[in-house]
Amino acid sequence: MSASALPWSPANQMPKAMDRADMDAVTAQFVAAVQMAERAGFDMIELHAAHGYLISSFISPKSNTRTDDYGGSLQNRMRYPLEVFRAMRAAWPAQKPMSVRISANDWVGDDGVTPTDAVEIARLFSAAGADIIDVSAGQTSPDARPVYGRMFQTPFSDRIRNEAGLATMAVGNITEADQVNSILLAGRADLVCLARPHLADPYWTLHAAIRMEDAGTEWPLPYLAGRDQARRLRERAQEAIRV
Ligand SMILES: Cc1cc2nc3c(=O)[nH]c(=O)nc-3n(C[C@H](O)[C@H](O)[C@H](O)COP(=O)(O)O)c2cc1C
């Protein structure tokens, strides 16, 4: 199923354009997932509304060519995503935070979602109860021409945070603790997410804390001996540099 009966590419399956009964069934499945997350004790949940997944298929005009109330203007394309978000928010405890991941740029110019649209998309999710916007981009169209580089999606987070006054998470090719701190201190995001650095080094955060001489990072109890040794090695290396 998708917003419209448009395959991702000629090589992909033809999805069914969702009708009202499909929408109600899928909303109920999202709500059931929220209830399971609460029973499992999660502290925070995120609605994935990016990267060409189902909710994203409604938001992007590249995948949504509907002519009913759920297609056309950005307001219309946001109607079903906001229905799902509100239903989830109502099922999730009010005191627990909820985020939403968006594609802030379809990377197809004015034929798709632009960073300007993303500010409005973020505002709409915030008004529906999103506590923080997880600002990703792309993967919504095979026509996309993304411009990669260090911290390449951070400007979209910056715009949403500073134009709409909303809390954001920045993500995308952020690889250094110095970059994380610069993004936070410059007010370009409220949280920073790193994905691939953790595939290369699952303890990236703990190692960064050693490098930054951060005393406040919590280590799991069985790892404390490793933390203390890593700190000693760091101090010795610093001492060697001074000598
Ligand atoms: C192997 C792999 C699988 C991923 N799967 C997902 C996914 O299912 N959903 C998602 O939102 N992002 C997914 N991502 C994207 C990451 O969440 C992240 O946005 C992206 O890798 C950019 O951040 P990074 O430069 O720190 O890796 C995946 C990334 C990798 C490398």
Side-chain angles (χ1 to χ4, degrees), residues 1-3 8-9 12-13 15 26 29-30 33-34 36-37 40 42-60 62-63 78 80-81 84-85 88 92 97-108 112-113 115 117-118 121-122 125 130-142 144-161 166-184 186 188-209 211-212 217:
M1 290 191 288
S2 186
W8 173 259
S9 79
N12 292 99
Q13 273 181 294
V26 170
Q29 288 166 357
F30 273 106
V34 171
M36 285 189 276
F42 281 95
D43 298 318
M44 177 172 172
I45 56 168
E46 176 169 278
L47 170 62
H48 206 312
H51 299 176
Y53 292 122
L54 182 72
I55 300 299
S56 157
S57 79
F58 277 83
I59 300 175
S60 172
K62 296 293 286 181
S63 45
M78 286 295 290
Y80 183 61
V84 171
F85 191 93
M88 293 171 74
W92 186 239
M98 185 170 166
S99 64
V100 56
R101 176 167 261 205
I102 63 167
S103 284
N105 193 347
D106 283 343
W107 297 113
V108 294
V113 167
D117 295 328
I121 292 167
F125 276 123
D131 298 285
I132 190 163
I133 311 295
D134 180 356
V135 187
S136 189
Q139 299 174 61
T140 48
S141 166
R145 295 289 172 268
V147 182
Y148 292 118
R150 283 176 298 165
M151 306 181 280
F152 72 115
Q153 296 172 158
T154 300
F156 313 137
S157 160
D158 191 331
R159 274 192 72 167
I160 291 168
R161 187 170 191 275
L166 302 177
T168 62
M169 303 185 210
V171 65
N173 212 15
I174 299 163
T175 57
E176 304 289 339
D178 274 340
Q179 293 172 340
V180 173
N181 286 335
S182 299
I183 291 167
L184 295 174
R188 309 186 78 194
D190 300 89
L191 291 174
V192 176
C193 316
L194 289 85
R196 287 168 299 171
H198 286 102
L199 296 180
D201 174 9
Y203 297 140
W204 187 93
T205 308
L206 298 181
H207 293 158
R211 283 195 303 279
M212 306 303 281
T217 305

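Just so it is clear, the model here is predicted, and its values are computed rather than measured. Order of listing sets the numbers, starting from 1, for every ligand and every atom in it.
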What is the distance from atom OG1 of T217 to atom CE of M212, rounded to the nearest 0.5 Å? 10.5 Å
Can you list every salt bridge (charged side-chain N to carboxylate O under 4.0 Å, His left out) pair that touches residues 130-140, not counting sequence neighbours? R89-D131, R101-D134
Between side-chain atoms of residues 170-181 and protein atoms elsewhere (two or more places apart, or another chain), which donor-acceptor pairs fall under 3.5 Å?
{"residue": "N173", "atom": "ND2", "partner": "G149", "partner atom": "O", "Å": "3.0"}
{"residue": "Q179", "atom": "OE1", "partner": "T175", "partner atom": "N", "Å": "2.8"}
{"residue": "Q179", "atom": "OE1", "partner": "E176", "partner atom": "N", "Å": "3.2"}

For each nitrogen or oxygen atom of ligand 1, which protein N/O atoms lie closer than 3.5 Å, and how far apart are they, rounded to 0.1 Å?
{"residue": "ligand 1", "atom": "8 (O)", "partner": "Y53", "partner atom": "OH", "Å": "3.4"}
{"residue": "ligand 1", "atom": "9 (N)", "partner": "H48", "partner atom": "NE2", "Å": "3.4"}
{"residue": "ligand 1", "atom": "11 (O)", "partner": "H48", "partner atom": "NE2", "Å": "2.5"}
{"residue": "ligand 1", "atom": "11 (O)", "partner": "H51", "partner atom": "ND1", "Å": "3.4"}
{"residue": "ligand 1", "atom": "11 (O)", "partner": "R101", "partner atom": "NH1", "Å": "2.8"}
{"residue": "ligand 1", "atom": "12 (N)", "partner": "R101", "partner atom": "NH1", "Å": "3.2"}
{"residue": "ligand 1", "atom": "17 (O)", "partner": "R101", "partner atom": "NH1", "Å": "3.1"}
{"residue": "ligand 1", "atom": "19 (O)", "partner": "R101", "partner atom": "NH1", "Å": "3.2"}
{"residue": "ligand 1", "atom": "19 (O)", "partner": "R101", "partner atom": "NH2", "Å": "3.4"}
{"residue": "ligand 1", "atom": "25 (O)", "partner": "N173", "partner atom": "N", "Å": "2.6"}
{"residue": "ligand 1", "atom": "25 (O)", "partner": "R196", "partner atom": "NE", "Å": "3.3"}
{"residue": "ligand 1", "atom": "25 (O)", "partner": "R196", "partner atom": "NH2", "Å": "2.7"}
{"residue": "ligand 1", "atom": "26 (O)", "partner": "A195", "partner atom": "N", "Å": "2.8"}
{"residue": "ligand 1", "atom": "27 (O)", "partner": "R196", "partner atom": "N", "Å": "2.8"}
{"residue": "ligand 1", "atom": "27 (O)", "partner": "R196", "partner atom": "NE", "Å": "2.7"}

Could you list the residues that satisfy side-chain hydrogen bond (donor to acceptor under 3.5 Å, both in side chains) with S57, not counting sequence neighbours? S2
Are side-chain N/O atoms of S56 and H48 paired as donor and acceptor at under 3.5 Å? no
Which class fits the ring pair Y203 and H207: parallel under 30°, tilted 30 to 60°, perpendicular over 60°? perpendicular
